[in-house]
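Heads up: the structure comes next, in structure tokens.
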Amino acid sequence: MAKQFDVAVIGAGAAGMMCAAVAAQRGKRVVLIDHAEKLAEKIRISGGGRCNFTNINAGPANFLSDNPHFCKSALSRYTPHDFIALVKKHRIAYHEKHRGQLFCNDSAEQIIQMLKAECAAGDVTWRMPCKVESLEKLDDAFFISTDSGDIECASVVIATGGLSIPKIGATDFGYSIATEFGLRLVQTRPGLVPLTFDGPSWEPFAPLAGIALEVEVETGTNKGKGNKRGHFREDLLFTHRGLSGPAILQISSYWQPGTPIIINLLPEMDVAQELIEGKATLKKQLGNVLSQWLPARLAECLLATNGLAADARLADMPDAKLRKLGDAVNRWAIVPTGSEGYRKAEVTLGGIDTRELSQQTMMATKVPGLYFIGEAVDVTGWLGGYNFQWAWASAVACGQSV
Ligand SMILES: Cc1cc2nc3c(=O)[nH]c(=O)nc-3n(C[C@H](O)[C@H](O)[C@H](O)COP(=O)(O)OP(=O)(O)OC[C@H]3O[C@@H](n4cnc5c(N)ncnc54)[C@H](O)[C@@H]3O)c2cc1C
């Protein structure tokens with residue numbers, strides 16, 4: 001006979017554990033199911049092992065979605081301060097690293113143990129590792145058949161995350177269930193991912209692997225729906241296959257294949273103006289001038305790709321050429337060939353179309369009793385603790401009403 005619960009949560013990651021704990025502490029009988037051998041691997045590897053568990057500045061503007069207003073309700077009802085209060089209650093020491101990003105002082109494992117303890121406080125039943133074979137709805141009840149017995153429940157919460165890092169258990173389960181129940185999806189693609197470049201125009205930059213510098217980067221357009229334009233000031237890193245570093249991870253979520261990203265390699269300076277005005281006073285050779293401001297190998301490369309010799313005398317250069325060089329530094333436009341894909345992506349953009357869900361509860365309006373939370377939903381945060389904040393906020397919105 002099927003075992004009976006009020007709520008089955010499928011996926012015991014960040015969102016699933018939080019939702020199970022909140023619902024169970026309200027007195028619901030909750031079963032939490034995950035197919036993985038090891039609990040919450042994504043939390044464990046997050047933030048370089050220290051879990052950047054929230055960002056004190058998190059707000060709707062830090063998220064991408066086809067329906068940008070959807071996330072507002074949940075984010076405003078469960079804020080970073082609410083999560084910080086939970087972290088403090090569990091005596092987990094933390095620190096702010098950069099622009100509001102909060103990390104554990106010791107280890108991401110502490111966040112996993114905290115969520116486990118919150119689940120235990122509500123007496124959540126665990127099924128793990130456990131494979132879900134099918135999910136059906138008959139009248140007002142859901143029937144889940146698994147390799148460790150059948151479950152009957154009034155509500156099902158899908159918290160199986162996105163497609164990134166398949167080797168630690170990511171699957172398309174959430175999207176398949178949504179499709180089976182007739183819900184629309186927003187096309188998925190890798191986000192927060194290094195960008196790759198190849199071909200003759202990239203060749204001169206390939207030897208620059210290892211160089212890092214702070215830049216401004218932008219892409220996209222303000223036309224159409226959703227937050228389509230990204231603009232960030234962060235560090236960029238040249239790699240063997242292209243570009244990475246926080247600046248590139250951030251902009252990758254806004255980048256559309258075939259379009260350029262525009263990089264300002266010296267955001268503090270109008271390079272053309274400095275060069276033209278400095279003809280009489282600056283160092284004599286172009287290479288020496290540029291490498292005062294940029295890593296020398298990058299400066300040489302930019303000169304070469306713009307047909308200029310490093311030993312050319314600045315005083316002899318026509319203003320038009322200096323303007324072109326200035327543009328190459330302040331508005332370097334390059335078209336990525338692609339990205340490193342889900343293998344390296346920190347998140348999956350797109351997912352369950354939020355127009356199918358209630359912003360108050362995360363329930364599918366067409367399928368009463370079926371809920372979607374966390375990364376499976378078409379709400380994707382910037383790099384810097386925003387994705388966990390969405391996982392917590394969407395989980396609490398659901399856990400309080402399921
Ligand atoms: C390397 C890396 C570092 C990151 N660092 C940060 C960070 O520091 N800060 C931040 O905010 N975000 C970070 N992220 C993003 C963050 O980890 C995710 O956005 C967040 O974990 C999403 O939570 P979730 O609960 O929706 O999904 P997940 O945490 O991915 O959990 C999904 C769960 O569902 C289970 N599951 C999947 N398919 C099935 C199935 N078919 N049956 C049963 N169970 C299934 C999985 O095993 C997993 O336990 C990072 C991501 C990566 C890859």
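Heavy atoms only: backbone and side chains are in, while hydrogens, waters and symmetry mates are out.
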Minimum-distance pair of heavy atoms, taken over all atoms of [X] and [Y]:
X	Y	result
A170	G162	CB-O, 3.3 Å
A333	I262	CB-CD1, 4.1 Å
A247	V217	O-CG1, 3.5 Å
I151	I33	CD1-CD1, 3.7 Å
L32	A20	CD2-CB, 4.0 Å

Could you check if a side-chain atom of [X] sits within less than 4.5 angstrom of a side-chain atom of [Y], using non-hydrogen atoms only?
X	Y	value
T160	I177	no
Y371	C19	no
N387	E346	no
E340	T196	yes
E133	D147	yes
R50	Y94	no
F143	V156	no
F70	M362	yes

Please confirm whether the backbone N or O of [Y] pairs with a side-chain atom of [X], one donor and one acceptor, at under 3.5 Å?
X	Y	answer
W126	V31	no
S145	D150	no
R44	I112	no
R229	E218	no
K28	V22	no
N52	S46	no
R77	V396	no
N306	L308	no
T79	S76	no
E356	K366	no

Electrostatic pair [X]:[Y] at N-O distance under 4.0 angstrom:
X	Y	result
R233	E268	yes
R297	E300	no
K137	E180	no

(message) Among L192, I261, L237, exactly one meets side-chain contact (heavy atoms from CB on, under 4.5 Å) together with I248. Which residue is that?
(response) I261
(request) Test side chain to side chain contact (heavy atoms under 4.5 Å, CB included) on I263 and L243 and set out the steps. (result) CA-CA 11 Å; I263 302 174; L243 295 175; 3.8 Å; yes
(request) Taking atom types as modelled, find out whether E118 and H90 have a side-chain donor-acceptor pair closer than 3.5 angstrom. (result) yes
(message) Strictly by side-chain hydrogen bond (donor to acceptor under 3.5 Å, both in side chains), give each pair with a member in residues 1-12 just once, sequence neighbours left out.
(response) Q4-E152, D6-R29
(message) Ring-plane angle category for W202 and F197, please: parallel below 30°, perpendicular beyond 60°, tilted otherwise.
(response) parallel
(request) Measure the acute angle between the ring planes of W392 and F388, then classify it against the limits of 30° and 60° as parallel, tilted or perpendicular. (result) parallel
